[in-house]
There are 2 protein chains.
Amino acid sequence: MARDIQERIKKLIIDSRLPSGASLPTEPELMERLGVSRNSVREALKALQAMGIVEIRHGFGTYVGPMSVAPMIEGLAFRTVAGHYRGEDSLLQLLELREAVETGLIARLAGRVPEADLAELDALVARMEAEAAGAEGGVRAETDRAFHATLYRGLGNLLLGEVLEAFWDAFHKVRTDLVDVPQDPKVTCRQHREILEAVRSGDALRAEQAIREHFGNIRTRLGTPVPAEHSHRSYDR
Amino acid sequence: MARDIQERIKKLIIDSRLPSGASLPTEPELMERLGVSRNSVREALKALQAMGIVEIRHGFGTYVGPMSVAPMIEGLAFRTVAGHYRGEDSLLQLLELREAVETGLIARLAGRVPEADLAELDALVARMEAEAAGAEGGVRAETDRAFHATLYRGLGNLLLGEVLEAFWDAFHKVRTDLVDVPQDPKVTCRQHREILEAVRSGDALRAEQAIREHFGNIRTRLGTPVPAEHSHRSYDR
DNA sequence: TAGCTCAGTTGGTTAGAGCAGCTGACTCTT
DNA sequence: AAGAGTCAGCTGCTCTAACCAACTGAGCTA
């Protein structure tokens with residue numbers, strides 16, 4: 001029945017063609033419209049909030065959510081953390097997911113990135129190099145995120161870009177929570193520049209190779225150069 | 001504060017290394033351990049349930065969820081439905097997401113699918129052909145789903161497979177809800193067999209081409225044969 | 001006019017009561 | 001003794017009612 005309440009609220013949004021940010025009925029109004037108690041309404045809204053479908057602002061009201069794929073980050077991240085602590089190589093799997101998808105996409109991107117984006121990417125790599133040279137401990141995560149986000153913007157599919165960003169966020173969140181990753185700023189910069197130049201040149205194979213090398217580098221830094229089946233043994237000896 | 005309760009329950013799962021299916025404390029126990037009311041506990045659990053982190057069984061107990069990516073289907077599907085009714089080409093974007101990812105993955109799959117999976121795929125295509133020849137109205141969705149799931153199993157990354165299945169499910173759910181898609185069973189069969197044979201032969205380019213054609217066919221049936229930028233104009237004239 | 005205060009609206013939290021589904025042990029029948 | 005039916009108990013589910021906390025905006029004050 002709780003499920004039913006969620007469905008009815010979703011139906012309300014769909015049927016009323018409510019856009020993101022539109023205000024939903026207040027809790028008392030929903031109580032009356034749906035014929036259930038405040039408690040049930042709130043539980044349904046909490047679930048919808050967790051799915052990013054509605055947004056709740058204390059003292060202000062309830063609104064239609066931004067319809068982003070951001071909520072799936074939390075689920076993915078939790079799954080990965082839980083798996084990691086149970087001895088699975090879930091972090092590596094998440095990285096492989098990113099690698100597989102980005103490797104597949106980079107080819108169709110080669111030579112098709114708009115000039116404006118290329119300029120922005122140039123600026124981002126320059127910033128990376130500045131950060132790498134600085135004493136702040138290497139390239140900031142935000143810069144790396146921006147590079148990947150800008151790179152795939154050229155695909156012209158908003159959903160695709162969001163999903164890729166979600167994967168990046170989940171990976172980054174888990175990585176910083178779990179493991180202390182040594183960074184080699186110079187290598188990171190060089191690889192990003194190579195990706196950019198490969199894409200600019202329009203050479204799909206070169207771009208693919210550049211992406212693969214980049215991810216290979218991250219994988220090495222994760223400390224799992226060998227398949228998971230063998231990685232534990234070394235600790236037993 | 002509600003957010004805090006969720007975090008503490010997640011922390012409990014992580015710290016106790018609870019595996020999927022393990023039972024969580026009962027609601028009264030959580031009330032005491034977290035020092036909050038029953039209602040707050042329940043709202044937190046509802047949110048975690050929506051994210052697939054816990055599973056609640058009436059009259060039985062609360063358990064650690066299956067850690068699958070299934071919950072993101074609902075969010076994706078809702079987003080797509082809402083976008084569709086607001087006149088966006090969200091369904092096409094979802095299809096393109098699948099196409100982009102699968103096109104990228106099929107290349108690395110060529111020639112590397114285990115013999116057992118190939119046999120299973122053969123059987124699935126055979127079933128498709130039987131369904132296409134029958135009077136039941138074409139290929140069953142479940143058969144198509146099984147084909148794609150089995151195909152990418154060979155990648156050896158469970159997470160990746162789950163994500164692809166989630167995309168498939170979301171697309172299928174929305175498509176059946178929104179539009180009446182004409183099906184040409186014979187073409188569908190032929191394209192799946194071509195994908196299979198291409199992968200078996202180890203010819204990466206041929207496999208990629210086969211996948212692209214398959215998705216091109218679906219896109220055509222969706223009634224959006226031209227890029228989104230131009231698709232609206234034709235209606236204005 | 002600028003700033004403050006306060007009342008009203010909205011969501012957040014608590015409390016207590018009773019309902020509903022499931023399990024497992026107990027009892028009655030065969 | 002074996003089986004089926006029953007019931008007590010746990011579990012989560014829903015409701016009611018009251019109060020707390022955050023935000024807005026109108027009205028008051030300086």
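Chain letters run A, B, ... following the sequence lines, proteins first and then strands; every chain starts at 1. These values consider heavy atoms only, across backbone and side chains, with no hydrogens, waters or symmetry-generated copies.
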Q: Could you tell me whether the side chain of A/Arg175 reaches within less than 4.5 Å of the side chain of A/Arg221, counting heavy atoms only?
A: yes
(Q) Here's a test of your reading of the structure: between B/Lys46 and B/Gly61, which maps to the more 5' nucleotide of DNA chain D? (A) B/Gly61
Q.
Could you work out, with side chain to side chain contact (heavy atoms under 4.5 Å, CB included) as the rule, every residue matching B/Arg153, not counting sequence neighbours?
A. B/Asp117, B/Glu120, B/Thr150
Q.
According to ring-ring contact (aromatic ring centres under 6.0 Å, His included), who are the partners of A/Phe147, at least two apart in sequence or on a separate chain?
A. A/His192
Q | Nucleotide-resolved protein contact map, nucleotides 15-24 of chain D, B/S/- at heavy-atom distance under 4.0 Å | A | BB-B--BBBS
Q: Check the distance between D/dG12's P and A/Arg3's CZ and give it to me in whole angstrom.
A: 18 Å
Q.
Please confirm whether the shortest side-chain N or O distance from B/Thr62 to OP1 or OP2 of D/dG12 is below 4.0 Å.
A. yes
Q | Length of the line joining B/Tyr63:OH and D/dG12:C1', which is rounded to integer Å | A | 11 Å
Q) Over how many whole Å does the gap from B/Asp4 atom CG to C/dT13 atom P extend? A) 10 Å
Q. What pairs of residues pass the salt bridge (charged side-chain N to carboxylate O under 4.0 Å, His left out) test when at least one of them lies in residues 60-74 of chain B, not counting sequence neighbours?
A. A/Arg3-B/Glu74, A/Lys10-B/Glu74
Q: Check the distance between C/dT10's P and A/Leu30's CG and give it to me in whole angstrom.
A: 12 Å
Q) Whole Å only: how far is the CG atom of A/Leu45 from the C1' atom of C/dT13? A) 16 Å
**Q.** Contacts of A/Ala149 that satisfy side chain to side chain contact (heavy atoms under 4.5 Å, CB included) - sequence neighbours left out
**A.** A/Glu165
Q. Under 4.0 angstrom, heavy atoms only, what part of the nucleic acid is A/Arg57 near: base, sugar-phosphate, or nothing?
A. sugar-phosphate
Q: Respond yes when some side-chain nitrogen or oxygen of B/Arg42 is under 4.0 Å from OP1 or OP2 of D/dC13, and no when none is.
A: yes
Q.
With salt bridge (charged side-chain N to carboxylate O under 4.0 Å, His left out) as the rule and sequence neighbours excluded, what pairs involving residues 14-23 of chain A come up?
A. A/Lys11-A/Asp15
(Q) Can you confirm whether the side chains of A/His214 and A/Glu102 place a donor and an acceptor under 3.5 Å from each other? (A) no
Q. By side chain to side chain contact (heavy atoms under 4.5 Å, CB included), which residues pair with B/Ser90, not counting sequence neighbours?
A. B/Thr80, B/His84
Q. Can you pull the ring-ring contact (aromatic ring centres under 6.0 Å, His included) pairs that have at least one residue in residues 58-78 of chain A, sequence neighbours excluded?
A. A/Phe60-A/Tyr63
Q | For B/Arg86, all residues meeting side-chain hydrogen bond (donor to acceptor under 3.5 Å, both in side chains), sequence neighbours excluded | A | B/Glu88
Q.
Can you list everything that forms a side chain to side chain contact (heavy atoms under 4.5 Å, CB included) with A/Ala166? Sequence neighbours excluded, please.
A. A/Val69, A/Met72, A/Ile73
Q: Enumerate the residues from residues 9-29 of chain B whose closest heavy atom to DNA chain D is under 4.0 Å, giving them by residue number; use none for an empty result.
A: B/Thr26, B/Glu27, B/Pro28
Q) D/dT11 C1' sits how many Å from B/Gln49 CD, rounded? A) 15 Å
Q) In degrees rounded to 10°, what angle is found between the helical axes fit to the five outermost pairs at each end of the helix from C/dT1-D/dA30 to C/dT30-D/dA1? A) 10°
